[in-house]
S.K.: 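Sharing a structure below in structure tokens format, with a few things to ask.
Proteins come first, then strands; the chains are lettered A, B, ... in the order of their sequence lines, and each starts at number 1.
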Amino acid sequence: MQKPTLPKGTRDFGPVELKRRKLIINTIQNVYEHFGFEPLETPAMENLSTLTGKYGDEGDALLFKILNSGDFLKKVDEGRFQQAKENPNSLLPQISEKGLRYDLTVPLARFVVQHQHELQFPFKRYQIQPVWRADRPQKGRYREFWQCDADVIGTDSLVCESDFVKIYQLVFNALGFTSYDIRINHRSLLEAIAQTVGFNGPLTQLTVSIDKLDKIGWEGVGKELESNGFTSDQVSRLQVLLTTSRCTPEFIEQLASALSDGEAKDRALMALRELRELTPGIDQASVSLDLSLARGLDYYTGFIFEASIPDSGIGSVSGGGRYDNLTGVFGLSGVSGVGISFGIDRLYDCMDALGLFGGVDRPTANILLCHFDERTRTKCAEIADALRADGIKTEVYPDIKKLRKQLDYANKRGYPFIGVVGEEEFNQDTIQLKNMESGDQSVVPQSNLSKLLK
RNA sequence: GUGGUUGUAGCUCAGUUGGUUAGAGCGCCUGAUUGUGGUUCAGGAGGUCGCCGGUUCGAGCCCGGUCUUCCACCCCA
């Protein structure tokens, strides 16, 4: 007999975990709906051609591929086998044509392109589904995890970005976080910074390094930049420019004078000023303008967002940004989109670490009815029906066992109340109502029970 | 994908230079209490030492492989 196991990086969710996860999901979903987002679901698998080439080379390596059904070697000829010994990936198109989704953004882009004539733009959708990555698991990093995305497609209005800042604040407050960190930046700001220090190479040579600032500090980032073609003078000028600050008018003016003039600077400052106007809460301490925030800039073209919970030991719990041409690869160009994505699994880990799940770890029912024999058990079933009709969540202990066992069970499951119907109670149409927390109990008429429990 | 790390009872962990029958705490079950839990007391069950192979008279311990866990890199929710 073999012991059953789960694939690496996947987990079961038992009743406790699922109730906690649903709390997170429902909270986010409610906030999204308050901002007018509509639900969308797409299949777990997509055509490999839809997925590949969208996440860079490393992303392609992290895709889970699905082996073709039946004789999956049918399409492979002899020459290919020889080639495959050198480069196994060359076989891939012949043996696999589907893959598991890697995120929710590319499926959204595919959906929008396929249904462009039925949708009303701006198209606002949210999507809460699992995604899969063949990454090596660690704490806060899984191979199957859930994302909660919200995106707006078909407008470049900064009202969307402003909404997302507000959504962040509402979600984190609703989940009970007293401290959270929302960081924003703008791609044009990074371009303007590169121009200011006189760097003309590809922007990613700057961003992939500065994104690691919180991890390896200026010492490490400086070394990496210099090996990427920056002079030590440019590095020290970057060090002065790349600050983090509250998003105040003063800071924006400070940037205006520090950056050298150009198109990127104008674009960035105009966007920042407009976002400020639209978002009164933006200069709260929870929101910062972090010029070193870069993320995977491959497709982001405007504002970038990232959110995390300080001191949780977990990386970011959400990320997002604007991408001007996401649907371009599927043949629909000139459509701008902006979106964010919460990672439920990481939010869960943060909330667990901070003990924020207090209320959900109780049984579904409020009261457990206990009894001694078939006659009193039947009576309990009758009482239970009446209580449920009054909207009280009620359970009848299913087996006929010692009262001790029934109380023990009630205690372990955490019912706030139990009711006992024995010989005496049966004859007098009463019930022993016991508060499991205080231990107090009293005999009450069955007809009064639901009033007392409300 | 690269380098490292972890795995012993349901859980958290001991386990001597390789030596007889692998332990503890907590949890679980039974009873003290045939109508009262969360306290106490008495007793009990539960382990192919992750898996496969090797070395040895003998392996939980040494060696190889594999799976898993966690960590760093890469990247990311």
S.K.: With respect to A:R125, which candidate in A:I153, A:D149, A:V112 satisfies the side chain to side chain contact (heavy atoms under 4.5 Å, CB included) definition?
M.R.: A:D149
S.K.: For B:U68 and B:U8, measure between their P atoms and round to the nearest Å.
M.R.: 16 Å
S.K.: Students often get this wrong, so: under 4.0 angstrom with heavy atoms, is A:Q406 touching a base, only sugar-phosphate, or nothing?
M.R.: nothing
S.K.: Would you tell me if any nitrogen or oxygen in the side chain of A:K139 comes within less than 4.0 Å of OP1 or OP2 on B:C70?
M.R.: no
S.K.: Distance check needed: B:C29 P versus A:K401 NZ, whole Å only.
M.R.: 9 Å
S.K.: Can the ring centroids of A:Y126 and A:F35 be said to lie less than 6.0 angstrom from one another?
M.R.: no
S.K.: Give a yes-or-no answer on whether the side chains of A:Y168 and A:S318 include a donor-acceptor pair shorter than 3.5 Å.
M.R.: yes
S.K.: Tell me if a side-chain donor or acceptor on A:N173 pairs with a main-chain N or O of A:Q169 at a distance below 3.5 Å.
M.R.: yes
S.K.: Measure from OH on A:Y102 to P on B:A77 and round the result to the nearest Å.
M.R.: 8 Å
S.K.: Could you give the CG-to-P distance, from A:D345 to B:A77, as a whole number of Å?
M.R.: 13 Å
S.K.: The side chain of A:Q441 lies closest to which of these nucleotides: B:A77, B:C75, B:U36?
M.R.: B:U36
S.K.: B:A59 pairs with which nucleotide, Watson-Crick or G-U wobble, both distances below 3.5 Å?
M.R.: none
S.K.: For B:C29, give the paired nucleotide (Watson-Crick: N1-N3 plus N6-O4 or O6-N4; G-U: N1-O2 and O6-N3; both under 3.5 Å), or none.
M.R.: B:G43
S.K.: Side chain of A:R136 only, heavy atoms from C-beta on: which candidate in B:U36, B:C28, B:A72 is closest?
M.R.: B:A72
S.K.: Could you identify the nucleotide paired to B:A24, looking across every strand shown and requiring Watson-Crick or G-U wobble geometry with both distances under 3.5 Å?
M.R.: B:U12
S.K.: Nearest heavy-atom pair of A:E41 and A:Q129: which atoms, and what distance?
M.R.: CA-OE1, 3.2 Å
S.K.: Whole-Å distance between B:U39 C1' and A:N411 CG?
M.R.: 12 Å
S.K.: For A:R375 and A:F426, run side-chain contact (heavy atoms from CB on, under 4.5 Å): C-alpha distance rounded to whole Å, both residues' side-chain angles, the deciding distance at 0.1 Å, then the answer.
M.R.: CA-CA 9 Å; A:R375 198 166 66 126; A:F426 184 90; 3.2 Å; yes
S.K.: Quick one: is A:Q138 getting a side-chain N or O under 4.0 Å of the B:A72 phosphate, OP1 or OP2?
M.R.: yes
S.K.: Distance check needed: B:A77 P versus A:I304 CD1, whole Å only.
M.R.: 12 Å
S.K.: Using the P atom in both, what is the distance from B:U2 to B:G65, to the nearest Å?
M.R.: 14 Å
S.K.: If we call it a pair only when both distances are under 3.5 Å in a Watson-Crick or G-U wobble match, what pairs with B:C73?
M.R.: B:G1
S.K.: Atom CZ of A:R21 and atom P of B:A77: how far apart are they, to the nearest Å?
M.R.: 17 Å
S.K.: Select base, sugar-phosphate, or nothing to describe what A:V420 touches, counting heavy atoms under 4.0 Å on all strands.
M.R.: base
S.K.: A:Y409 OH to B:C28 P: how many Å, rounded?
M.R.: 15 Å
S.K.: Any side-chain N or O of A:K402 less than 4.0 Å from the OP1 or OP2 oxygen of B:G31?
M.R.: yes
S.K.: P atom, B:G43 versus B:U21: distance in rounded Å?
M.R.: 26 Å
S.K.: So, A:F145 and B:A77: ring centres less than 5.5 Å apart, planes less than 30° off, yes or no?
M.R.: yes
S.K.: Would you say B:C28 has OP1 or OP2 under 4.0 Å from some side-chain N or O of A:K412?
M.R.: yes
S.K.: Between A:S438 and A:A134, which residue's closest nucleotide on RNA chain B lies nearer the 5′ terminus?
M.R.: A:A134
S.K.: Does A:R143 form a salt bridge (charged side-chain N to carboxylate O under 4.0 Å, His left out) with A:D135? I'd like the steps, not just the answer.
M.R.: CA-CA 6 Å; A:R143 293 185 133 181; A:D135 210 345; over 6 Å; no
S.K.: Are A:R404 and B:U33 close enough that a side-chain N or O sits under 4.0 Å from OP1 or OP2?
M.R.: no
S.K.: When you get a sec, tell me which of B:A77, B:G37, B:G35 is the closest nucleotide to the side chain of A:R141?
M.R.: B:A77
S.K.: When rounded to the nearest Å, what value does the distance between P atoms of B:A24 and B:G38 take?
M.R.: 24 Å
S.K.: Quick one: are the ring centres of A:F303 and A:F164 less than 6.0 Å apart?
M.R.: no
S.K.: Taking atom types as they are modelled, is there a donor-acceptor pair under 3.5 Å from the base of B:G35 to the side chain of A:E425?
M.R.: yes
S.K.: Taking CD1 from A:I216 and C1' from B:A72, how many angstroms apart are they, rounded to a whole number?
M.R.: 13 Å
S.K.: Write down the distance separating the C1' atoms in B:A9 and B:G44, rounded off to the nearest Å.
M.R.: 15 Å
S.K.: Which value, in whole Å, describes the distance between the P atoms of nucleotides B:G19 and B:A72?
M.R.: 36 Å
S.K.: Please classify the nucleic acid contact of A:G9 as base, sugar-phosphate, or nothing, using heavy-atom distances under 4.0 Å.
M.R.: sugar-phosphate
S.K.: Provide the distance between the two C1' atoms, one in B:G1 and one in B:G47, to the nearest whole Å.
M.R.: 37 Å
S.K.: On RNA chain B, check which nucleotide each of A:E306 and A:G422 is closest to and give me the residue with the more 5' one.
M.R.: A:G422
S.K.: With heavy atoms under 4.0 Å as the rule, sort A:G59 into base, sugar-phosphate or nothing.
M.R.: nothing
S.K.: Choosing from B:G37, B:U30, B:U36, which nucleotide comes nearest the side chain of A:L403?
M.R.: B:U36
S.K.: Could you measure between the two P atoms, the one in B:G18 and the one in B:C73, and give it in whole Å?
M.R.: 36 Å
